[in-house]
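Just so you know, these numbers use all the heavy atoms, side chains as well, and skip hydrogens, waters and symmetry mates.
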Amino acid sequence: MVLQNNLSEKTFKAPMTYYHNSAKRPFAVQELGENADFSVAVVGGGLTGLGAALALAENGVNVCLLEANEIGYGASGRNGGLVCSGYRHDQKWFEEKIGVTAAHDLWNIAEAAKTNLHALMAKYEINADYKNGLVFAAHRPSLLEWLKSDAEFMAAQYDYDKFEILDKNECANALGSDVYYGGIKDNGAGKIHPLKLLYGIASAAVKNGAKIYENTRVLSVEGNIIKTTKAQIRADKILLCGDGYIEGINKKIDAKIMPIGNFVIATEPLGDEILPNAAGGMDTRFVVNYFHKTADSRLLFGGGEKYSDAMPRDIAGFVRNNLVKIYPNLANTKIDFAWGGRVGITPTRLPFVNKVGKNTFISAGYSGQGVLLAPFFGKILGIALLGDDKYFKTLSALKIPDFPGGRFLRFPLLTAALSYYSVLDKLP
């Protein structure tokens, strides 16, 4: 039987993901029973929120974290588990849009996120099944040439020497699939078990004094007052870190962050023929396919998006349609887990990191890049409150426009616009 989430986001509580079935919580959380005061309150129990809570707790700040369900309920416990370099745009794009200096500053932040990730795992002895070696596979010959050009550009202009160019045969040998024209292997990127990472960060935050309150939904934020389903919190500073699950709390955020549905499956344990020489892979399609092999040799595969709250009735079948295009030999392989969830995107596919009120801050909208960025961006919010705002200033300078059409028309407008790119994905 496939363990599948097939209910509305508004009705189900505990995600039935591969991650939740293979990670143990090494910590206990507290119950918010009465009104309380904190120096900082963090809303959202994912990688961003816990990254912020840990950074603040390490510095002796009286901090609490409020999560509507259980920590890791959202994208941090449902994503594809890929640790990707940079952002959703390449560095040439950034240089054209914001200039060479600012582009280098952004790249340095993304590289610092890698340093932060490995430092967290080492300091707190977090075994999150991390493995280096992520392949970006070209689904058209022209895109292979673009990947090669980008690798050469990054080596020459950013001193990034971790890209390894793969021809068609080398790509096939790495992935165990011959459907791509070649690609690049990023030996500075890889795959991870995101929920093991999150539980490790949460355990560290609790040990350092942070208070974590689960099943405590935030109803409103007005000035310094947070009203929840359990009690009322007063905080000097408030960090909103719910990504695709933060709707309805702040109008500025609602205008810039839109949740879209993304879907993932995990097969039964497989042999060594899948991903024999890579930690994971993703392709160059706009609606990207992404995959990696788990520590117990399952293929975890994500593909397909929906621009609404509705889940496919058959998530396993929905995702398998993409899986068999890359691994046709897995057409009859048993799917043990199938799930979906929300990912927060912005119109530019760049993170929205900014101040959205007198004492309220946001980091969200990672557009699929959050596994690496979110823990560090949470830390960036935390250390900005402590006076080190260099990274925060760089990120908040990114211009993130509102989605056209407002909250109610943005879904149909985006669906119409992105259908064009979906058609391009299907062209040879």
Side-chain angles (χ1 to χ4, degrees), residues 46-48 74-76 78-80 82-99 102-103 105-107 109-111 113 134 136 139 143 146-147 150 154 186 189 241-247 252-263 282-290 302-308 341-354 362-374 376-377 380 394-405 407 410-425:
L47 288 167
T48 307
S76 296
R78 309 189 197 200
N79 61 70
L82 297 186
V83 177
C84 304
S85 299
Y87 307 87
R88 282 297 295 264
H89 296 287
D90 61 84
Q91 290 305 117
K92 286 183 181 178
W93 184 93
F94 278 116
E95 290 189 4
E96 292 173 0
K97 298 292 184 180
I98 62 175
D105 289 343
L106 283 175
W107 175 257
I109 290 175
E111 286 296 284
L134 182 61
F136 291 81
H139 75 288
L143 290 170
W146 177 83
L147 287 173
D150 186 61
M154 292 302 296
D186 186 351
C241 304
D243 198 52
Y245 292 80
I246 201 71
E247 279 189 305
K252 290 182 180 178
I253 297 172
D254 288 347
K256 298 179 188 299
I257 306 289
M258 188 174 81
I260 65 172
N262 204 266
F263 309 98
M282 60 192 303
D283 60 29
T284 49
R285 289 178 171 84
F286 183 81
V287 182
V288 64
N289 294 306
Y290 49 92
E305 295 178 347
K306 280 190 174 294
Y307 306 107
S308 72
R342 291 177 170 185
V343 175
I345 69 170
T346 65
T348 58
R349 295 288 179 118
L350 297 177
F352 180 43
V353 181
N354 221 306
I362 175 73
S363 181
Y366 303 110
S367 303
Q369 301 286 102
V371 179
L372 173 65
L373 299 179
F376 190 52
F377 280 32
I380 287 171
T394 298
L395 293 168
S396 62
L398 292 173
K399 297 186 184 303
I400 309 296
D402 294 352
F403 276 101
R407 186 173 179 182
R410 59 186 180 165
F411 281 116
L413 287 174
L414 185 69
T415 300
L418 295 186
S419 63
Y420 167 75
Y421 293 102
S422 296
V423 170
L424 288 183
D425 279 346

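- Of the possible polar contacts, none joining the R349 side chain to the H89 backbone as a donor-acceptor pair under 3.5 Å is found.
- Closest approach of Q369 and G86 over heavy atoms only: NE2-O, 3.4 Å.
- In terms of heavy-atom proximity, S367 sits nearest to T346 at OG-N, 3.6 Å.
- Residues P351 and L398 approach most closely at O-CD1, 4.3 Å, considering heavy atoms.
- Side chain of D243 to main chain of G344: a donor-acceptor pair is present (N/O by atom type, distance under 3.5 Å, no hydrogens or angles).
- The existence of a salt bridge linking D90 and K92 is excluded, since no basic side-chain nitrogen approaches an acidic carboxylate oxygen closer than 4.0 Å.
- Side-chain N or O atoms of N79 include one that pairs as donor or acceptor with a backbone N or O of A75 at under 3.5 Å.
- Considering all non-hydrogen atoms of both residues, S85 and W107 come closest at CB-CH2, 4.0 Å.
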After noting the C-alpha distance and the side-chain angles of L395 and L106, does the key distance pass the side-chain contact (heavy atoms from CB on, under 4.5 Å) rule? CA-CA 7 Å; L395 293 168; L106 283 175; 3.8 Å; yes
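- A donor-acceptor distance shorter than 3.5 angstrom exists from the side chain of R342 to the backbone of G244, with no hydrogens or angles considered.
- Contact annotation: the side chain of V83 never approaches that of L134 to less than 4.5 Å [non-hydrogen atoms, C-beta and beyond].
- Looking at heavy atoms from C-beta onward, F377 lies out of side-chain contact with L372 at the 4.5 angstrom threshold.
- Separating the CD1 atom in I362 from the CD1 atom in I253 is a distance of 3.5 Å, to the nearest 0.5 Å.
- The heavy-atom pair separating A103 from Q91 by the smallest distance is O-NE2, 2.9 Å.
- In this structure Y87 satisfies the ring pair (Phe, Tyr, Trp, His ring centres under 6.0 Å) test together with F94, sequence neighbours excluded.
- If you take OG on S363 and CG on L373, they are separated by 8.5 Å, rounding to the nearest 0.5 Å.
- The closest donor-acceptor contact from the side chain of D283 to the backbone of H139 lies at 3.5 Å or more, if one exists at all.
- Side-chain N/O atoms of N354 and S396 include no donor and acceptor closer than 3.5 Å.
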Before giving the answer on side-chain hydrogen bond (donor to acceptor under 3.5 Å, both in side chains), spell out for T394 and D105 the whole-Å C-alpha distance, their side-chain angles and the decisive distance to 0.1 Å. CA-CA 7 Å; T394 298; D105 289 343; 4.8 Å; no
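- Among the candidates V353, T348, I257, the single residue satisfying the side-chain contact (heavy atoms from CB on, under 4.5 Å) test with I400 is T348.
- Between T48 and Y366 there is a side-chain heavy-atom pair separated by less than 4.5 Å.
- Remark: side-chain polar atoms of E247 are not paired, donor with acceptor, to backbone N or O of D254 under 3.5 angstrom.
- I98 contributes atom CD1, which lies 11.0 Å from atom NZ of K399 (distance to the nearest 0.5 angstrom).
- In this structure the side chain of C84 reaches within 4.5 angstrom of the side chain of M282, judged on heavy atoms.
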